[in-house]
Amino acid sequence: MSSPTPDALLGPADVRELAAALGVRPTKQRGQNFVIDANTVRRIVRTAEVSPDDVVVEVGPGLGSLTLALLEAADRVTAVEIDDVLAAALPTTVAARMPERADRFALVHSDAMHVTELPGPAPTALVANLPYNVAVPVLLHMLDTFPSIERTLVMVQAEVADRLAAGPGNKVYGVPSVKANWYAEVKRAGSIGRNVFWPAPNVDSGLVSLVRRSEPLKTTASKAEVFAVVDAAFAQRRKTLRAALAGWAGSAAAAEAALVAAGVSPQARGEALTVEEFARIAERRNAEHEE
């Protein structure tokens, strides 16, 4: 029999015991898969480059596997949890397993999509195992709402990770890729196998690193205006931009004029454009309205 380790992190038996004590069964509806491997959460914290100066926000902490690893490394951690039972239990888990760090932990019991402020100092990093069904909207909402977040590392379904990190010309490049790029430099930061989760999902997971742009994108168009062009371009991604942007511009001719003025071929498709080019198209539309 192996002797118990003094490790504060949760192992497979700890996770199952906690879940049983709380009467928690991971639900598909919330995309819950709990991490049961301490090495994996430590690897995530290392990859996220969490330092003792960081104020980390975590979305969807679940039973607290990643939360505890973050508390070991960061100055403080704020976790946002929507589930009533999990939100009620997490502070107790932190106090029991890491009493010396309990005062560095805060819990916000809320839907992350509705969070507009967090207790304590402004967050410098976002590190989370995001449920795949809400990963992209939650990520974009957090980056938009908390400009102090400089670094982000999220674990998402591998397919979502590929999409977020894709560049122009890649077949999975789309709305999430462009919008994430508005805020940050985005890249794949590793893969995570299925066996580190309970229950084991039937898809692989991937890590995505987002480092916020040191200077916002230079454009006179607002984020909403640029995102409107992006949404229109990919709503009919097989069509040329002249056709896809006709509704947005008012007509195919108006779309063509805006594209030509922005230096973009009207025959191009959305998947070929950088976020800077989408911004130029939005600017041209504004310029035409002002003339």
Side-chain angles (χ1 to χ4, degrees), residues 125-126 135-154 156 159-189 206-291:
L126 165 65
V136 173
V138 165
L139 173 64
L140 296 176
H141 170 74
M142 295 299 286
L143 288 173
D144 198 50
T145 309
F146 301 102
S148 60
I149 294 174
E150 294 158 14
R151 297 182 327 285
T152 296
L153 188 80
V154 289
V156 291
E159 191 187 322
V160 176
D162 290 340
R163 238 180 256 160
L164 281 166
N170 187 308
K171 65 178 189 299
V172 297
Y173 181 73
V175 173
S177 333
V178 184
K179 290 185 178 178
N181 222 254
W182 169 268
Y183 300 103
E185 300 294 330
V186 190
K187 64 172 199 215
R188 271 286 234 139
L207 297 175
V208 181
S209 153
L210 301 96
V211 177
R212 192 179 289 270
R213 290 171 176 271
S214 49
E215 305 233 322
L217 209 66
K218 286 187 170 55
T219 176
T220 54
S222 69
K223 183 199 70 172
E225 287 165 343
V226 177
F227 282 14
V229 184
V230 175
D231 289 334
F234 286 102
Q236 302 167 297
R237 64 182 297 153
R238 290 178 184 280
K239 292 192 171 178
T240 64
L241 286 170
R242 184 184 191 274
L245 298 181
W248 163 83
S251 71
E256 179 160 351
L259 288 159
V260 170
V264 175
S265 164
Q267 299 311 306
R269 287 180 171 76
E271 63 211 35
L273 268 57
T274 63
V275 65
E276 288 83 0
E277 286 170 315
F278 280 113
R280 286 213 306 272
I281 297 166
E283 282 177 16
R284 294 318 309 165
R285 180 99 172 92
N286 287 349
E288 280 165 36
H289 279 179
E290 284 159 18
E291 281 164 14

Heavy-atom side-chain proximity of Y183 to K223 below 4.5 angstrom: yes
Closest approach of A233 and A244, non-hydrogen atoms and distance? O-CB, 4.0 Å
Is there side-chain contact between R188 and L164, with heavy atoms separated by less than 4.5 Å? no
Using a strict cut-off of less than 4.0 Å between a Lys/Arg side-chain nitrogen and an Asp/Glu carboxylate oxygen, indicate whether D162 and K171 qualify as a salt bridge. no
Would you say that L273 contacts I281 through its side chain, given a criterion of any heavy-atom pair below 4.5 Å between the two side chains? yes
Testing the basics here: between R237 and G174, what is the closest heavy-atom pair and its distance to 0.1 Å? NH1-CA, 4.2 Å
Kindly give the heavy-atom pair with the smallest separation between L245 and A232, and that separation in Å. CD2-CB, 3.7 Å
Tell me, do E271 and F234 make a side-chain contact under 4.5 Å, heavy atoms counted? yes
Measuring only between side-chain heavy atoms, which start at C-beta, is Y173 closer than 4.5 Å to V178? yes
Any donor-acceptor pair under 3.5 Å from R285 side chain to A249 backbone: yes
Taken to the nearest 0.5 Å, the spacing of T274 OG1 from R280 CZ works out to 6.5 Å
Nearest atoms (heavy-atom pairs only) where A255 meets R242: CB-O, 3.6 Å
Separation between CG (L139) and OG1 (T152), nearest 0.5 Å, reads 6.5 Å
Hey, could you give me the CG/CZ distance between L210 and R151, rounded to the nearest 0.5 Å? 12.0 Å
So if I apply the side chain to side chain contact (heavy atoms under 4.5 Å, CB included) rule between T219 and each of E225, E283, E276, which one comes out positive? E283
The reported gap from CG in L241 to CZ in R269 (rounded to nearest 0.5 angstrom) is 8.5 Å
In short, P168 meets A272 closest at the heavy-atom pair CB-O, 3.7 Å
Taking every heavy atom of V172 against every heavy atom of A166, the minimum-distance pair comes out as CG2-CB, 3.9 Å
Donor-acceptor check, side chain of S177 to backbone of G167, threshold 3.5 angstrom: yes or no? no
Between the CZ atom in F278 and the CG atom in L217, the distance rounded to the nearest 0.5 Å is 12.5 Å
Any side-chain heavy-atom pair from P266 and T240 closer than 4.5 angstrom? no
Are any non-hydrogen side-chain atoms of V136 and R163 less than 4.5 angstrom apart? no
Out of D144, D231, V275, which residue meets the side chain to side chain contact (heavy atoms under 4.5 Å, CB included) rule with K179? D231
CZ of R212 to CZ of F146, rounded to nearest 0.5 Å, is 11.0 Å
